[in-house]
Amino acid sequence: MHDSPFLADELFGRVLDEYPDIKTLKKLHAKIFFDQHLHQNPSLGIKLMRAYAANGEIRITRHIFDGIPVKNVVFFNVMIRSYVNNYRYDDGLLVFKTMSSYGFIPDNYTYPCVLKACSASQNLWVGLQIHAAVVKIGLDLNLFVGNGLVSMYGKCDKLLEARQVLDEMPRRDVVSWNSMVAGYAQNARFDDALEICREMELLRQRPDVGTMASLLPAITNTSSYNVSYIKRIFDNLVKKSLVSWNVMITVFVSNSMPGEAVDLFLQMEDCEIEPDAVTIASILPACGDLSALLLGRRLHRYVDMKKFRPNLLLENAILDMYAKCGCLEEASEVFNSMKFQDVVSWTSLISAYGRNGQGSEAVALFAKMQDLGMSPDSVAFVSVLSACSHGGLLDEGKYYFKLMTDKYQIVPRLEHYSCMVDLLGRAGRVHDAYNFVKEMPIEPNERVWGALLSACRVYSNMEIGLVAADKLFQMAPQQAGYYVLLSNIYAKAERWQEVTRVRSIMKSRGIKKTPGVSNVELNHKIYTFLAGDRSHPKSKELYEELDVLVGKMKELGYVPETDSALHDVEEEDKECHLAVHSEKLAIVFAILNSEPGTTIRITKNLRVCGDCHTAAKLISKISEREIVVRDTHRFHHFTNGICSCGDYW
DNA sequence: AAAATACAAT
């Protein structure tokens, strides 16, 4: 078949280098095995081992290794690496420990690999022995070995040792620095991680994709300064790879900058870079945040087209995107189409039903999950408890809290406590809620007191409201929302003097109300409205239409509700001020710019106020549209004058 | 004949 055996060698080698699939691989294997000449070529043996390992067929790799009569150090190295690349760290270390008894001396290829095994399994004990061994033979001066040591120490929480190795390396490259960055970042030493980046830049070592990826833990929920720092690294990359785009998207998403994440994703598409499963899983939460349903659906189709499924992580991300966009049917469709569902999938679905006001369904799902033998975790309980509070299911909520602590022995966290306070408070048990807070074994946080204060507003409990507000003003003196809530409590009781007093406190502390912002997605674009926004090109038309609507609403008995707003405007301005809350603008804009009959989806950054809630109900009736509003707490589905929350929110 | 750091959710 081949003119010369040497040509066959080369051909087989080249095919194997490309890691063929398992079927091709077995065919080649058989050919090589039966050919006397090929069988004796050590290079083909190495390549065969490597290719099997790349397919996860570690047992076959081992079988070939064992069958080689005359081994050399390379065989050992490849065997070790095959184990390590398949997460079999102890097996890798075992081969390493036995190789010297066969007379093979570990070399500059062996050590980086076994160090990786130590890093990945956090095996400091063996790591230290390896360090001693490489120093003895001077291999610690080797770049690859040094990098392995930095990484090993970093992964084993020994930052000082990692830093010392780095400092003493005779030569460093970008990987050396990145390993150090990763070490600090993984140990929550975020400032140190960033400091290393600056240091490497000073020494004219350009940060690369690896630097960005290593920095990731240090760049979640960070300052905008740090975000722009990593953006600058991204912009200055000599060559942008898929991973660099993925990391940059993740940075935006994990810093509550979903709009920027989506923009970057669209830019990436313009550059004709093909997104992979990681890209999609990273960008989907941003779609959820923005209620960018059209983009979300497009990504879903892309996943199906690319056959990325099954992929639990990705499917959970799609499911959660639909849940966050208020699309219960699509969310459960995805859930039902999944081959396997884990606790995360169930939790997503349960909280979706909960947030959409279908508390009983959420509770039923939770029960079903238990029936199927799935063990709920701490987060799953948060989802069912909050579903109970949104649905007004007082007894069920109490039952699940008890189930969690008694049967599952889960220690309640602040999230669970705030759900319970919310549950009791919304159900009108304001005193019970307050007692619950007082009896908590851990220090209540902002969320807990906030839930109590909200309950006090709904049920006009001034006494407890003042206690809660007082705590909140100490904990979060700059949070405008709590001042507004207290002022609402006073306003409802017609205590106008106190209302004025709260306003002047806010003024003296320089606190501004968080401006209301609403997003609406139309024709694949997201439009943003601020309260009182007049910056849109079609602003005039918008306000005219709003006037027409308000007129029709008044015919249906609409009376602008003035106590919903903080009285920071003059009396006569109140009605006008209320009329331009951002969700009203967004709704009117959507009515004007979409097909009649289609659903309108709005997301907003604050809780929807009583007046807008009434208005939305009426508008849904007048315009014959379903309006879905997602506020910071839940979904409101307005249809034909009725809201899914049953006016209980 | 063979190499090290590094991207995903409730």
Side-chain angles (χ1 to χ4, degrees), chain A residues 9 13 16-17 41-50 72-82 84-85 107-116 119 142-152 154-155 162 172-183 185-186 207-217 241-251 253-254 275-285 288 308 311-321 323-324 342-352 354-355 376-384 386 415:
Chain A
D9 278 21
L16 285 171
D17 279 343
N41 182 341
S43 128
L44 286 182
I46 294 285
K47 284 171 192 262
L48 257 181
M49 284 172 68
R50 207 175 47 162
N72 62 34
V73 69
V74 181
F75 284 99
F76 279 88
N77 290 347
V78 172
M79 192 61 237
I80 295 170
R81 187 165 24 258
S82 301
V84 172
N85 287 343
D107 62 8
N108 56 317
Y109 282 92
T110 321
Y111 285 113
C113 192
V114 287
L115 281 169
K116 179 176 173 170
S119 304
N142 174 285
L143 180 68
F144 286 78
V145 175
N147 290 348
L149 284 170
V150 173
S151 171
M152 183 275 292
K155 276 265 167 42
R172 284 174 283 260
D173 68 355
V174 70
V175 178
S176 329
W177 290 101
N178 291 352
S179 305
M180 195 65 231
V181 171
Q186 285 154 6
D208 69 351
V209 210
T211 322
M212 290 179 62
S214 305
L215 266 179
L216 210 50
S241 63
L242 176 61
V243 176
S244 59
W245 287 92
N246 289 355
V247 172
M248 200 58 230
I249 288 171
T250 306
V251 169
V253 171
S254 60
D276 68 353
V278 178
T279 320
I280 308 299
S282 309
I283 194 68
L284 277 167
F308 286 155
N311 177 331
L312 189 61
L313 216 80
L314 189 53
E315 289 166 303
N316 282 345
I318 298 172
L319 162 58
D320 200 54
M321 178 276 296
K324 290 230 170 76
D342 67 355
V343 192
V344 177
S345 333
W346 283 94
T347 305
S348 253
L349 197 65
I350 290 166
S351 69
R355 276 195 302 255
D377 64 2
S378 185
V379 189
F381 275 104
V382 175
S383 75
V384 76
S386 82
E415 294 94 310

Hey, does [X] reach any base, or is it just sugar-phosphate, or nothing, if we go heavy atoms under 4.0 Å?
| X | value |
| --- | --- |
| A:D173 | base |
| A:N108 | base |
| A:A281 | base |
| A:N85 | nothing |
| A:D320 | sugar-phosphate |
| A:Q186 | sugar-phosphate |
| A:V344 | base |
| A:L313 | base |
| A:S348 | sugar-phosphate |

Q: Quick one: do A:N147 and A:S179 satisfy side chain to side chain donor-acceptor pair (under 3.5 Å)? Show the steps, please.
A: CA-CA 7 Å; A:N147 290 348; A:S179 305; 5.4 Å; no

[X] side chain to [Y] backbone, donor-acceptor under 3.5 Å:
| X | Y | answer |
| --- | --- | --- |
| A:S383 | A:A380 | yes |
| A:S348 | A:S345 | no |
| A:D173 | A:S176 | yes |

